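To start, the structure itself, in structure tokens.
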Amino acid sequence: MLIVKKFGGTSVANKERIYNVARRCIDEYQKGNDVVVILSAMGKMTDELIEMAKNINHNPSKREMDMLLTTGEQTSVALAAMAFDALGVPAISLNAFQVAMHTTSNYSNARLKRIDTERIRHELDQRKIVIVTGFQGINKYGDYTTLGRGGSDTTAVALAAALKADACEIYTDVDGVYTADPRIVRNAKKLTEITYDEMLDLATLGAGVLHNRSVEMAKKYGVQLVVRSSLTNEEGTVLKEEVKVERMLISGVASDKNCAKISVVGLSDKPGTAFRLFDALASANINVDMILQSVGRDNTQDIAFTVVGDYADDAVKVIEDNKSRLKYQKLECEKGVAKVSIVGAGMMSNPGVAAKMFECLYNSNINIKMISTSEIRVTVLIDEKEVEKAVNAAHDIFGLAD
Ligand code: ASP
Ligand code: MG
């Protein structure tokens with residue numbers, strides 16, 4: 001078997017943990033398997049590198065940021081290779097250039113396009129454990145790129161797909177995917193299985209366990225993933241196209257606190273209004289999330305939308321700068337709002353799920369500011385202070401507790 005194992009930052013945070021990773025890999029290797037290991041930077045190293053950069057220059061170039069951040073992963077893989085050596089098992093570390101992991105050219109948020117597998121195959125044929133840097137790639141200019149924060153998961157899934165691995169295991173500091181964040185919901189339960197689509201929604205909506213692009217990629221290439229803890233031998237959660245276990249209506253509740261709601265009041269009610277507004281935001285690279293357009297009256301209408309909290313001021317500025325083109329009466333920005341979402345493939349064939357969600361928020365006396373839905377998701381925007389209450393209420397009403 002060819003097994004791809006990815007370990008996150010906490011799993012390689014210090015000497016003991018690095019040896020722990022090495023031993024876990026050696027167990028598989030000694031069973032006769034080929035083992036490819038993907039590592040993240042140690043502990044909080046990426047954050048520390050970002051701090052160092054900011055200390056030198058408030059607005060560092062993205063190219064140089066990637067040059068800097070890739071050192072984090074390079075440190076981990078080299079140290080891990082030394083640990084394997086000390087344990088008497090042949091291993092070799094490889095970075096994005098040595099493997100050749102080709103990405104798009106945009107620094108700091110590149111996408112993997114193609115991974116060469118010859119070098120890895122060659123090393124595996126020598127019966128070596130191959131340790132590869134996560135998160136990084138190279139672009140057509142011959143520079144380092146990075147895949148965005150948390151991107152090592154995506155490296156692992158992409159490598160598993162390219163190598164047609166028999167298994168892809170993502171080791172982290174939690175023992176799987178839970179029905180809700182266990183720090184918010186005390187009786188949250190670990191899921192044994194989850195579909196790619198559910199996980200994609202949960203990952204995007206703030207579940208924080210996996211990089212959402214890694215889930216997208218797993219779905220696209222049919223890579224069956226397991227998320228499990230590097231510190232215990234617990235089973236973990238399996239991600240796949242369809243799950244066999246008897247389904248609950250809802251698989252999980254996610255929340256995301258870093259949101260802001262922007263309302264543009266008194267826009268003219270005619271074709272092109274929404275286009276001009278969102279085109280201005282898109283041109284400034286501001287991602288918009290939930291969108292609400294009011295019923296038009298007296299030839300005017302209002303549009304409200306949410307953005308990631310950090311982009312609120314930028315969004316307001318873009319709209320103000322375009323005031324003469326957009327012709328609105330009033331602009332409001334509300335920070336301190338949060339999204340709470342319920343996700344579950346089971347809701348597709350069951351009407352009334354959204355109503356039940358709204359009922360439980362009503363019972364908890366929580367005001368809903370905005371709503372958006374998909375086939376397998378209901379998201380509400382509420383006051384940030386009510387997130388804990390809302391997540392627990394939804395978790396309870398849908399019977400997700402242990
Ligand atoms: N080290 C990078 C980060 O902290 C990538 C990763 O951990 O996946 O974002
Ligand atoms: Mg991570």
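Just the heavy atoms: all of them, side chains too, but no hydrogens, waters or symmetry mates, feed the values below. Quick caveat, the model's predicted, so the values are computed rather than measured. Sequence positions, counted from 1, serve as the residue numbers for this chain. We count ligands from 1, going down the list as the structure has it; atoms in each ligand are counted the same way.
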Handout entry: Backbone N/O of S105 and side chain of T145: donor-acceptor pair under 3.5 Å
Key = no
Problem - Any side-chain heavy-atom pair of L361 and I368 under 4.5 Å - result: yes
Completion exercise
R228 meets the side-chain contact (heavy atoms from CB on, under 4.5 Å) criterion, sequence neighbours left out, with R24, Y171, V226
Practice task
Could you establish whether E73 and ligand 1 come within less than 4.0 Å of each other, counting only heavy atoms on the residue side?
Solution key: yes
Exercise for the section: Using non-hydrogen atoms of the residue, decide whether G150 is closer than 4.0 angstrom to ligand 1. Expected result: yes
Exercise for the section: Would you check if there is a donor-acceptor pair between the side chains of T195 and D197 at a distance under 3.5 Å? Expected result: no
Problem - Step-by-step side-chain contact (heavy atoms from CB on, under 4.5 Å) determination, I303 to Y328 - result: CA-CA 10 Å; I303 294 181; Y328 56 87; over 6 Å; no
Practice task
Identify, by atom number and element, the atoms of ligand 1 in contact range of R149, meaning under 4.0 Å from any of its heavy atoms.
Solution key: 3 (C), 4 (O), 9 (O)
Problem - Check: K6 N/O within less than 3.5 Å of ligand 1 N/O - result: no
Exercise for the section: Could you tell me whether ligand 1 has any atom less than 4.0 Å away from a heavy atom of G151? Expected result: yes
Problem - Numbered atoms and elements of ligand 1 in range of S40, under 4.0 angstrom, heavy atoms - result: 6 (C), 7 (O), 8 (O)
